[in-house]
Amino acid sequence: MALPQAGALQPPEPSQLTRQRMQESTPEGTAELRLTPAPVAGRQLRVLLTPLPQERLLALEGWAPGGKKLRPREPGPADVWDADSDGSEAEDAGAGGCSQLSVYEKKRLKNIIDNAKFFAALKLYESAARLQQIATRRQSLVTKRAKPKKAEDETVRRRSMRLQRVEPSGVSGLEAPAQPAAAGNVRQPQVPAGPLPMVPEDQKGNSKLTEDLLTTWMRISEVKANGTEKCLCDMKRYQDMLSSMVLSKENIRKVVKYRVCSMAIHPSESILFVAAGDKSGQIGLWNVDCKSEEGAHVFVPHNDLVSCMHFSPFNPAHLLSLSNDSLRCGDVTQAVFDDIYRSGEKLSSFDFLEDNASTAIVTHWGGNITIVDRRTPGTSSGLSADIGFKRMRTVHVHPVNKQYFMTAGSQDVCIYDIRYLKFHRNTPVSSLKGHTKSVASAFFSPVTGNRVVTVCADDKLRVYDTSSLSATVEVLSTIRHNNNTGRWLSRFQAVWDPKQEDCFVVGSMARPRQIEVFQDTGKLLHSFSNLNCLSSVCSINVVHPTKNVLVGGNSSGRLHVFKD
DNA sequence: ACGTGATGACTCC
DNA sequence: TGGAGTCCCTCACG
């Protein structure tokens with residue numbers, strides 16, 4: 001409901017009005033007045049409306065209370081001025097300026113006055129009071145209008161102080177009025193759109209402490225990692241290498257506050273540098289080689305779950321991160337998290353389309369994809385297409401044939417050719433059939449793209465042979481695997497070891513807690529575990545592209561680095 | 001019927 | 001004693 005403006009309810013003083021009309025009246029006798037009377041309190045308002053002489057005077061001049069021009073029309077029982085309408089009616093009132101009253105007009109005026117009195121007595125006072133409330137605090141209205149469901153949620157589902165992010169002092173309770181847990185948002189202050197300074201959360205205004213971390217990131221990004229030699233060593237050697245990778249206490253660190261939802265590892269070979277995104281929109285950067293407190297810092301470039309992150313393969317000084325509403329690029333050389341793309345639709349995943357990382361394919365949760373070109377900032381440029389998925393979780397571009405990309409979601413896993421995308425009704429090049437429940441992830445093998453591994457809620461890992469893309473793709477192996485991560489853990493994603501074409505890493509519910517490495521044949525090659533250090537489930541894992549390093553993130557924001 | 005997302009008790013240090 | 005960390009196999013809703 002469009003509530004009337006506070007000012008519009010005050011009728012102008014007749015004398016003043018008349019003066020204005022004399023000045024502004026047109027030869028036809030119509031006046032186009034723009035009156036902006038000062039706001040008036042509700043109580044005063046009633047007093048102003050009730051005295052009849054004033055009403056009559058106003059009415060005689062063709063004005064209704066509220067500064068609105070009366071439209072001449074047939075009188076009727078509902079012939080009252082409409083406090084809800086906007087000011088447009090005043091403009092098209094036409095030649096209604098009345099100086100001499102006909103019988104009809106007198107009757108009409110009587111109606112108007114009676115009705116005005118009636119409304120002033122009943123509704124206007126109420127409205128004015130509500131207006132006042134709006135002017136001071138919107139909250140009373142919000143609670144009135146709030147859906148009962150939300151109110152219920154608040155009462156039925158009681159949340160602990162810690163979960164409400166309420167400081168023990170209770171200070172933040174004042175700052176968190178109307179948006180308690182709206183959309184699961186964990187954080188109170190909303191991150192604005194547009195570029196954000198790369199300043200850690202705990203040190204707003206004092207970036208001195210992060211200087212080391214960011215300088216390190218910048219420095220290691222200048223050195224081109226030479227190791228694209230993705231060796232395909234024999235399985236025995238590979239297993240030995242895996243066995244040599246161990247976890248020690250100093251290589252465990254909590255880098256974000258809440259559950260890890262995505263991770264990225266910097267390609268540098270000199271320094272181990274990891275980024276983790278959590279459920280609340282935080283991104284933690286950790287220089288694993290720096291053992292001091294300054295080795296890790298938290299930034300907050302998003303409002304919501306950071307679902308996908310990649311260092312740019314072209315320029316690892318850029319860290320791209322995706323949240324529900326935006327794709328950002330953290331550029332350490334500029335010390336900003338820049339906006340690349342924003343959408344009203346919920347975003348789920350992205351991948352780079354070319355090696356130069358200038359274009360990215362972004363999937364929307366609801367089944368659309370968008371091609372985002374970073375060279376045209378601030379626009380959702382390029383192609384948008386509906387590929388008919390109900391829910392899309394991950395997207396991955398074929399490592400060799402970049403025209404192919406694969407999406408995985410609740411419906412299925414499909415491979416599309418980007419050259420033949422249409423706005424609607426896209427048919428996939430290949431469908432990877434067999435999933436009976438929703439699919440959490442699907443990724444091409446890193447070197448050739450000849451394999452795809454999927455994680456499905458039907459408690460199976462599947463490996464497909466995608467060496468030739470036909471309408472149906474053969475399942476190579478199926479692995480029984482408990483993927484029921486449930487309520488508190490991020491869903492498992494199976495990721496290939498970039499160094500080993502045919503092996504992938506996946507978290508596990510098995511006890512003792514472990515991270516598993518499988519061969520594409522379905523053979524379990526290794527389980528990373530440590531009875532002393534690893535006591536939780538690592539849902540999200542990344543493997544370094546050249547070094548023997550594996551990082552696992554758990555649902556408490558803690559990262560575990562296995563290295564040799 | 002199925003997919004999705006929400007959250008609090010308990011243990012350990 | 002209290003805060004940090006772990007993790008479930010539920011339940012409402014669309």
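Convention: sequence-line order gives letters A, B, ...; per-chain numbering from 1.
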- Got a salt bridge between A/D458 and A/K460, using NZ or NE/NH1/NH2 to carboxylate O under 4.0 Å? no
- Query: Any side-chain N or O of A/S556 under 4.0 Å from OP1/OP2 of C/dC7?
  - Reply: no
- Message: Closest approach to the side chain of A/W365, judged atom by atom: which nucleotide of B/dG3, C/dT6, B/dG5 is it?
- Response: B/dG5
- Return the value, rounded to whole Å, for the distance between atom CG of A/N483 and atom P of B/dG3. 13 Å
- Task: Would you tell me if any nitrogen or oxygen in the side chain of A/K257 comes within less than 4.0 Å of OP1 or OP2 on C/dG5?
- Result: no
- Task: Could you state the atom-to-atom distance from NZ of A/K437 to P of B/dT4 in whole Å?
- Result: 11 Å
- Query: Considering only the C1' atoms, how many Å lie between C/dC8 and B/dC13, rounded to the nearest integer?
  - Reply: 24 Å
- Query: Does a side-chain N-to-carboxylate-O contact under 4.0 Å join A/D338 and A/R374?
  - Reply: no
- Query: Would you say the ring centroid of A/F337 lies under 6.0 angstrom from that of A/H302?
  - Reply: no
- Task: Evaluate the ring planes of A/F518 and A/H481, with Trp represented by its six-membered ring, and classify them as parallel (under 30°), tilted (30 to 60°) or perpendicular (over 60°).
- Result: perpendicular
- Message: With a 4.0 Å limit, can you tell me whether A/S438 has a side-chain N or O closer than that to the phosphate oxygens OP1/OP2 of B/dG3?
- Response: no
- From C/dG5, C/dC8, C/dC7, nucleotide with atom closest to A/S536 side chain: C/dC7
- Task: On DNA chain B, check which nucleotide each of A/R259 and A/R393 is closest to and give me the residue with the more 5' one.
- Result: A/R393
- Note on the structure: Taken to the nearest whole Å, CG/A/N532 to C1'/B/dC12 is 15 Å
- For the side chain of A/R511, counting heavy atoms from C-beta on, which of C/dG5, B/dG5, C/dC8 is nearest? C/dC8
- Query: Atom CZ of A/R391 to atom P of C/dG14: distance rounded to whole Å?
  - Reply: 13 Å
- When the distance from CG of A/N324 to P of B/dG5 is rounded to whole Å, what number comes out? 9 Å
- Message: What's A/S555 touching, base or sugar-phosphate or nothing? Going by heavy atoms closer than 4.0 Å.
- Response: base
- Item | Sugar-phosphate only, base, or nothing, as touched by A/T485 at under 4.0 Å among non-hydrogen atoms | base
- Specify whether A/H364 and A/Y341 have parallel, tilted or perpendicular ring planes, treating 30° as the upper limit for parallel and 60° as the lower limit for perpendicular. perpendicular
- Message: Can you classify the ring geometry of A/F405 versus A/Y416 as parallel (below 30°), tilted (30 to 60°) or perpendicular (above 60°)?
- Response: parallel
- Which whole number of Å gives the distance between the P atom of C/dC7 and that of B/dT4? 23 Å
- Item | Atom-to-atom span, CG of A/L559 to C1' of C/dG5 - whole angstrom | 15 Å
- Would you tell me if any nitrogen or oxygen in the side chain of A/N554 comes within less than 4.0 Å of OP1 or OP2 on C/dT6? yes
- Interatomic distance, A/R491 CZ vs C/dC8 C1' [rounded to whole Å]: 14 Å
- Note on the structure: Per atom distances to the A/V537 side chain, the nearest of C/dC7, C/dC8, B/dG3 is C/dC7
- Query: How long is the line joining CG of A/D458 and P of B/dT4, in whole Å?
  - Reply: 13 Å
- Note on the structure: Contacts of A/K254 and A/G486 projected onto DNA chain C by closest heavy atom; the upstream (5') one is A/K254
